[in-house]
Amino acid sequence: MKNYDKYSKQYYMPPVKCMDWAQKDSIENAPVWCSVDLRDGNQSLIEPMSLETKVEFFKLLVEIGFKEIEVGFPASSETEYEFLRKLIDDGLIPDDVTIQVLTQAREHIIKKTFEAVRGAKNVIVHVYNSTSVAQREQVFKKDKQAIKQIAVDGAKLLKELTEKEGASYRFEYSPESFTGTEPEYALEVVNAVLDVWQPTPDRKAVINLPATVENSIPHVYAQQIEYMHKFMKYRDSVVISLHPHNDRGCGVAAAEMGLLAGADRIEGTLFGNGERTGNADIVTLAMNMYSQGVDPILNFSNMPYICSLYKSFTGMAVSPRQPYAGELVFAAFSGSHQDAIAKGMEWRTANDKKIWDVPYLPIDPKDVGRQYDADVIRINSQSGKGGVGYILQTNYGINLPAGMKEAMGYAAKDLSDKLHKELYPDEVFKVFEDKFVNNRQAFNTTAYHYKQTGGIHATVTVLKNGRMLDIEGDGNGRLDAVSNALKSFFSIDYTLTSYEEHALTQKSTSQAIAYVGIEANGKTYWGAGIDEDIITSSCKALVSAINNMLL
């Protein structure tokens, strides 16, 4: 690809080695979560949300369990300002939820922000200015000292106005474009801000370290975070927060590595909505922890409901392959995958397994409100016998013999291939009925009568080409006698190689289903029969198998 040589790294490594995080293999506890859906997520939408929609989205975030929510940039527009005032004036903010508001480190914007939050109980005022080399040189045209002074002046004004209000607001500072800033300079600016605020363990400051533009492999971000964690002043009085973007598609990985490196908090959005390629996806981050046995604190147990509201509020789509949330993430179309899942589920039940370890399913779909029958095993031309058998068993109580599963799998795959579409459970069942239960293309039988003659003598009423006639046969049992009658009448020969039956339900009045396999000329043909009488269901199954042989 041309022009690759015009690009080079746009990040800066710490001045000392910071690799302690790489020795850890897991995240032990959930971080503090801060949703920025209503600010960062909203400003990225083609059509920003209305006041009413933002209120409903705020309620959803509270319902999910967020205790810190960045509600907007109240000085940026009238809608943002009025939304915040509605939350406060209408008492919509629970006592255990902290709202966060964003402001640039500019005097008039900070003062407007303080007007907007007046009366709120729990507030984080989040001030920022950009510190990166590119921004200093190209945008602000200021040296390091001047850029640091902007941050310090903003920090002083936050403290002054909070004291004037008689409030106990908490403060947050972000060196925007942190990942494009020399780590030692970012540390210098952050420490200068902290010197102004003098945070304490009882009133911690938040230092947010954003990957405003993701411009490195995630392990570089982790080293930058560890450097700040190790050398930041007032560390026991500071919450280190991460705000990773996803320009390289590594936002989740960067967030996880950053937590290993010493961070305490994550700012992100549901499903990663945000500018350009988006923010860190809090749903994926939280569910990754959940899948490792860590309580994420947030509640995503009704994922379809959350997805539906999210799409309604934002107009954004949730990809069918979105981790944990997409419509297809638990779906298995591949035959080998379906077979492994079906066997894994059977093994889990048989062994009363407590820990989840079903092949191909990182979590139990039911834990996020998904259903096995509708979501896990999906049938198309790539599917196999295991999946088809699983659909029939879980939806209709039909437990096919092993050999018949293969024949049924081919029948379903063939139809899906011809129609170029997925088959839903009712369509799979119809294939089963048409091919193996009600197949009467060559002939049908309408009645069976038996007499005891030392063995069994059967009289079978056959309907063929519009004509009805009785045929007879003898055998050592009823099914054997019917089989011999049909062999003689049609001048055919086969061996009955498989026979199974079971009740379709647990009720005493339930119907029985029988499966019959016959072999002729090295090939096996299958049939199934359903009836309240087990002998009749067996005979019907034999008739279907012979019809499949005669076609």
Donor-acceptor under 3.5 Å (S216 side chain, V220 main chain): no
Nearest non-hydrogen partners of L479 and S538, listed with the distance: CD1-O, 3.8 Å
Trace of the side chain to side chain contact (heavy atoms under 4.5 Å, CB included) decision for V213 with R276: CA-CA 9 Å; V213 175; R276 302 181 310 279; 3.7 Å; yes
Parallel, tilted or perpendicular: rings of Y515 and F432 (30°, 60°): tilted
Any F330 side-chain heavy atom under 4.5 Å of D364 side chain: no
Criterion side chain to side chain contact (heavy atoms under 4.5 Å, CB included) against M289, the qualifying member of L259, L298, I297: L259
Pairwise side-chain contact, K67 with W33, heavy-atom cut-off 4.5 Å (strictly under): no
Residues E275 and H245: side-chain donor-acceptor under 3.5 angstrom: no
Nearest atoms (heavy-atom pairs only) where K54 meets V71: NZ-O, 3.2 Å
D417 with K413: basic N within carboxylate O range, under 4.0 Å: no
Side chain to side chain, L285 and D281, heavy atoms closer than 4.5 Å: no
Side-chain touch Y221/P244, heavy atoms, less than 4.5 angstrom: yes
Short side-chain donor-acceptor distance under 3.5 Å, Y448 and T461: no
Residues L209, Q224; criterion side chain to side chain contact (heavy atoms under 4.5 Å, CB included); working and verdict: CA-CA 9 Å; L209 304 174; Q224 294 166 337; over 6 Å; no
Lys NZ or Arg CZ of K9 over Y11 ring: under 6.0 Å, within 45°: yes
Interatomic spacing from NZ in K523 to CD1 in I518 - rounded to 0.5 Å: 11.5 Å
Between CD on residue E63 and CG on residue L309, distance to nearest 0.5 Å: 8.0 Å
Audit row: K540, T445, side chain to side chain contact (heavy atoms under 4.5 Å, CB included) steps and yes/no: CA-CA 8 Å; K540 288 181 176 180; T445 55; 5.7 Å; no
Considering all heavy atoms, the nearest N548-W526 contact: ND2-O, 2.8 Å
Charged N-O contact under 4.0 Å between D339 and K343: yes
D247 side-chain N/O to E214 backbone N/O, donor-acceptor pair under 3.5 Å: yes
Neighbour count >12 (heavy atoms, 6.0 Å) for atom CG, D426: yes
Working for side chain to side chain contact (heavy atoms under 4.5 Å, CB included), residues E519 and N521: CA-CA 7 Å; E519 185 177 323; N521 301 317; over 6 Å; no
Exercise: do Y290 and D367 side chains pair donor with acceptor under 3.5 Å: yes
Donor-acceptor contact present, side-chain N246 to main-chain G251, <3.5 Å: yes
Any donor-acceptor N/O pair, D480 side chain to N476 backbone, under 3.5 Å: yes
Beyond-backbone contact of I282 with T269, side-chain heavy atoms, under 4.5 angstrom: no
Aromatic ring proximity, centroids under 6.0 angstrom, F443 and F489: no
Nearest heavy atoms of N273 and S44, plus distance in Å: OD1-OG, 3.4 Å
Heavy-atom neighbours of I46 CD1 exceed 12 at 6.0 Å: no
Main-chain N/O of I492 paired with K487 side-chain donor or acceptor, under 3.5 Å: no
Distance (rounded to the nearest 0.5 Å) between I513 CD1 and Q511 CD: 9.5 Å
Close side-chain approach of L361 and W356, heavy atoms under 4.5 Å: yes
Under 3.5 Å: donor-acceptor pair, side chain of R440, backbone of V437: yes
Distance-only polar pair, side chains of T284 and Y324, donor-acceptor under 3.5 Å: no
Candidate list V388, L400, N399, test side chain to side chain contact (heavy atoms under 4.5 Å, CB included), partner Q393, passing option: N399
Atom CD of E47 with >12 non-hydrogen neighbours under 6.0 angstrom: no
OG on S544 to CG on D434, rounded to 0.5 Å: 11.0 Å
Short side-chain to backbone donor-acceptor contact, N547 and V543, under 3.5 Å: yes
Axial cation check for Y450 ring with R478, 6.0 Å and 45° limits: yes
Rounded distance (nearest 0.5 Å) linking atom CD of E406 with atom OG1 of T524: 9.5 Å
salt_bridge(R321, E327) N-O dist < 4.0 Å: no
Close side-chain approach of E68 to V97, heavy-atom, < 4.5 Å: no
Inter-residue atom distance I27.CD1 - M257.CE, 0.5 Å rounding: 10.0 Å
H449 and D470: side chain donor to acceptor below 3.5 Å: no
Check ion pair E267-R265 (N to O, under 4.0 angstrom): yes
D533 side chain to I535 backbone, donor-acceptor under 3.5 Å: yes
N/O donor-acceptor pair under 3.5 Å between E226 side chain and D20 backbone: yes
Criterion salt bridge (Lys or Arg N to Asp or Glu O under 4.0 Å) on E433 and K430, from CA distance to verdict: CA-CA 5 Å; E433 282 191 314; K430 190 172 188 311; over 6 Å; no
Atom of V294, atom of A30 and distance for their closest heavy-atom approach: CG1-N, 4.0 Å
Beyond-backbone contact of I534 with S537, side-chain heavy atoms, under 4.5 angstrom: yes
Any donor-acceptor N/O pair, S498 side chain to V516 backbone, under 3.5 Å: no
Heavy-atom closest pair, residues T212 and T179: N-OG1, 4.2 Å
Residue of the set N395, I391, I398 for which side chain to side chain contact (heavy atoms under 4.5 Å, CB included) holds with F429: I398
